There are 2 protein chains.
Amino acid sequence: MKERNNTNKITIYDIANALNLSASTVSRALQNNPLINEETREKVQLMAAEMGYVPNWIASSLRKKRSNIIGLIVPRTSMYFQSQAISGIQHAAHKYGFSIVIGQSDETVAMEKELVHTFYSLRVDGLLAVSSMFTTNFDHFNPFIKNNIPLVFYDRVPEDFSGYTITGDDFKGGFTATEHLIQQGCKRIAHFSGQLTCNLYQQRLAGYKSALEKYNIPFNDQLVYTHNLTLDAALQASKEILSGDQVPDGLFSANDMSAVGFIQEARRRNIAVPEQIKVVGYSNDLSSRIISPSLTTVEQSGYKMGEKAIETLVQLINKDEKTRITKNYVFEVELIQRDSTRK
Amino acid sequence: MKERNNTNKITIYDIANALNLSASTVSRALQNNPLINEETREKVQLMAAEMGYVPNWIASSLRKKRSNIIGLIVPRTSMYFQSQAISGIQHAAHKYGFSIVIGQSDETVAMEKELVHTFYSLRVDGLLAVSSMFTTNFDHFNPFIKNNIPLVFYDRVPEDFSGYTITGDDFKGGFTATEHLIQQGCKRIAHFSGQLTCNLYQQRLAGYKSALEKYNIPFNDQLVYTHNLTLDAALQASKEILSGDQVPDGLFSANDMSAVGFIQEARRRNIAVPEQIKVVGYSNDLSSRIISPSLTTVEQSGYKMGEKAIETLVQLINKDEKTRITKNYVFEVELIQRDSTRK
DNA sequence: CCTGTTAAAGTTAAGGATAAATTCACTAAT
DNA sequence: ATTAGTGAATTTATCCTTAACTTTAACAGG
């Protein structure tokens with residue numbers, strides 16, 4: 001038996017031969033080009049279906065100089081917020097006829113660089129990116145910027161970037177979270193922050209500071225714990241905080257996972273949340289509904305942000321002149337009150 | 001100012017012209033083909049770097065009939081197990097020089113069909129798939145099977161499929177989980193199952209039945225609750241169970257999320273876990289460590305399964321004759337004992 | 001001195017689809 | 001009857017890279 005290889009796929013030439021037509025007529029007919037006689041078009045489409053023709057997207061991309069592929073760079077697909085964003089992106093992308101190629105930077109700059117290069121070589125029509133926590137220099141995105149290939153950052157975005165960005169209102173989120181803790185009676189509020197090179201955490205910290213200032217609570221940088229916001233890092237920091245002599249009465253954590261870590265460590269030490277310490281997280285992860293006490297957090301819809309990001313990108317790709325594209329779109333945030341800050 | 005379009009990218013012809021060489025020499029030099037003089041090769045590579053040349057992957061794919069892209073179909077990227085698997089797949093794929101295009105079926109057969117078609121048109125070199133819960137007929141994968149394009153299923157796989165599969169030992173998992181409950185003293189054990197059209201849930205149920213049988217506990221199909229295993233569906237089913245007159249003393253849930261839902265509903269009704277009812281989940285999701293009491297569960301590494309799946313696929317793509325490829329690889333499972341089944 | 005060999009190129013032809021330019025048949029208008 | 005115009009198709013060139021085939025020059029051996 002002869003082994004079939006991948007080469008004997010049906011092409012438009014096969015259809016053309018079968019119908020005694022030219023390849024370009026077939027091509028046009030399949031695209032419902034009005035230059036083609038209705039009868040011919042139907043004949044072609046019928047034959048294509050019969051022969052099991054599937055267009056070769058690679059050949060089409062090469063010729064059209066358009067791949068209908070969008071590159072997506074995320075630090076990790078397993079982060080709840082990111083996986084929600086990916087869902088939003090996928091759904092919207094499919095609606096617009098684009099496929100998504102995903103790359104994970106694993107929070108490293110080196111990998112991020114490599115991915116940008118790969119996507120450039122792939123000739124993606126546009127790039128969607130969430131930068132790694134450690135990216136401060138964005139020069140490796142230059143191939144896209146210099147060649148005018150649409151590029152949209154969301155969630156974590158470069159500072160002073162002249163391009164398109166989609167973010168949550170992190171300052172407001174930090175402010176609201178901290179203000180809520182104060183209103184619930186907290187006087188000594190600790191803060192878990194991520195890398196301050198990252199706009200997100202900078203803004204959340206700034207919001208935290210601003211709320212303290214409003215209520216005349218002096219800022220104390222001893223209360224700010226900067227780490228990578230994983231469960232383990234949070235447990236570590238929590239031990240430090242809870243074994244100190246001046247234990248705080250509130251914590252605003254820049255993500256939910258490390259707030260969860262804090263609550264678990266507090267429970268281990270029989271320190272009552274919310275009675276002795278009140279806690280606010282960030283993102284409204286699934287875990288915030290699972291931990292007990294349930295976690296007060298700042299809602300930020302990954303799904304919607306992903307959707308908005310790709311919508312913006314697609315408008316840029318299609319050079320949509322009619323609709324005005326917002327350059328720096330900011331999503332509203334909302335405080336979700338749960339048990340971890342009950343009075 | 002003239003607008004730059006995406007077309008004026010550097011090609012091998014530009015390099016060839018600049019050096020007064022032919023395009024094929026440049027092509028060869030860039031691929032370190034031994035037919036090219038070392039001096040020439042260095043000259044070409046230097047010039048390529050200088051001119052900012054990036055190979056056009058689309059043209060190369062068309063010519064080589066190989067895209068180095070692998071398609072991935074998952075029900076949802078946001079499921080913890082799936083996102084872990086994606087991480088494993090991504091890392092390994094990168095190592096082997098492949099890019100991953102991800103599509104979500106959203107647990108619908110229609111979307112799954114469409115994705116298969118898209119990936120076929122994309123001329124992916126291979127396809128990795130986790131079927132939707134509702135897929136019973138796998139004919140839509142035929143384009144791949146008939147054209148001998150490597151196809152590997154993992155986690156959820158078709159029954160009686162003659163191709164390559166990677167699964168966890170779901171029967172053993174179901175058996176071990178149920179046996180553990182029995183050994184902890186449970187006599188009346190309920191089971192949350194997913195769609196029984198899906199091998200996973202069938203096997204876990206079979207394991208559950210087998211354990212009951214071993215300990216001479218009669219199987220009672222009133223105790224099996226089939227739903228889609230989301231938090232909401234679990235809450236609904238839990239209400240039913242817990243408000244009935246014959247409340248069980250144990251629950252084996254086919255995933256962690258619905259076990260979490262059950263524990264939450266039990267807490268709401270002041271039914272103590274594990275004292276009154278013991279609970280075992282499946283997958284060792286993050287949530288199993290967050291819920292209190294912490295959830296006993298069956299470990300199944302998504303990361304490793306993803307890695308194994310893509311390794312198998314890559315071997316198939318490369319027609320690796322030397323290494324024997326296992327057709328139906330089964331991962332060991334392990335019971336992780338936590339507080340939800342304490343005696 | 002000529003043939004044979006080899007290294008190091010160059011030329012040409014896919015790969016499959018499509019846009020642009022061209023041809024052809026036929027109708028309408030002068 | 002001749003020209004212009006139109007609808008419907010065909011031909012050709014192109015996208016960029018690479019594999020297959022050819023050429024060229026240099027040199028060794030009889």
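Bear in mind the structure is a predicted one, so any value in this text is a computation, not a measurement. Order of the sequence lines fixes the chain letters, A, B, ..., with proteins taken first and strands second; residue numbering starts at 1 for each chain.
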Considering just the side-chain nitrogens and oxygens of [X], establish if one lies under 4.0 Å of OP1 or OP2 belonging to [N].
X: Tyr13(A); N: dA14(C); answer: no
X: Lys65(B); N: dA19(D); answer: no
X: Asn56(A); N: dA17(C); answer: no
X: Ser60(B); N: dT17(D); answer: no

Contact class for [X] vs. all strands (heavy atom < 4.0 Å): base, sugar-phosphate, or nothing?
X: Ser22(B); answer: base
X: Ser61(B); answer: nothing
X: Ile36(A); answer: sugar-phosphate
X: Thr25(A); answer: base
X: Ile58(A); answer: nothing
X: Asn20(A); answer: sugar-phosphate

Check: [X] side chain, [N] base, donor-acceptor under 3.5 Å:
X: Arg123(B); N: dG15(C); result: no
X: Arg28(A); N: dT10(D); result: yes
X: Arg63(B); N: dT17(D); result: no
X: Ser24(B); N: dT11(C); result: yes

Self-check item: SB check Glu307(B) Lys95(B) (cutoff 4.0 Å)
Solution: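 No, Glu307(B) and Lys95(B) are not salt-bridged.
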Practice problem: Give a yes/no verdict on a cation-pi contact between Arg156(B) and Tyr154(B), requiring under 6.0 Å between NZ or CZ and the six-membered ring centre and an angle within 45° of the axis. | Solution: no
Self-check item: Nearest non-hydrogen partners of Phe331(A) and Met305(A), listed with the distance
Solution: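 Shortest heavy-atom separation between Phe331(A) and Met305(A) comes out as CE1-CA, 3.7 Å.
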Quiz item: Without hydrogens or angle criteria, can the side chains of Tyr120(A) and Asn147(A) be said to hold a donor-acceptor pair below 3.5 Å?
Solution: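 Checked: Tyr120(A)/Asn147(A) side chains pair up, N/O donor to acceptor below 3.5 Å.
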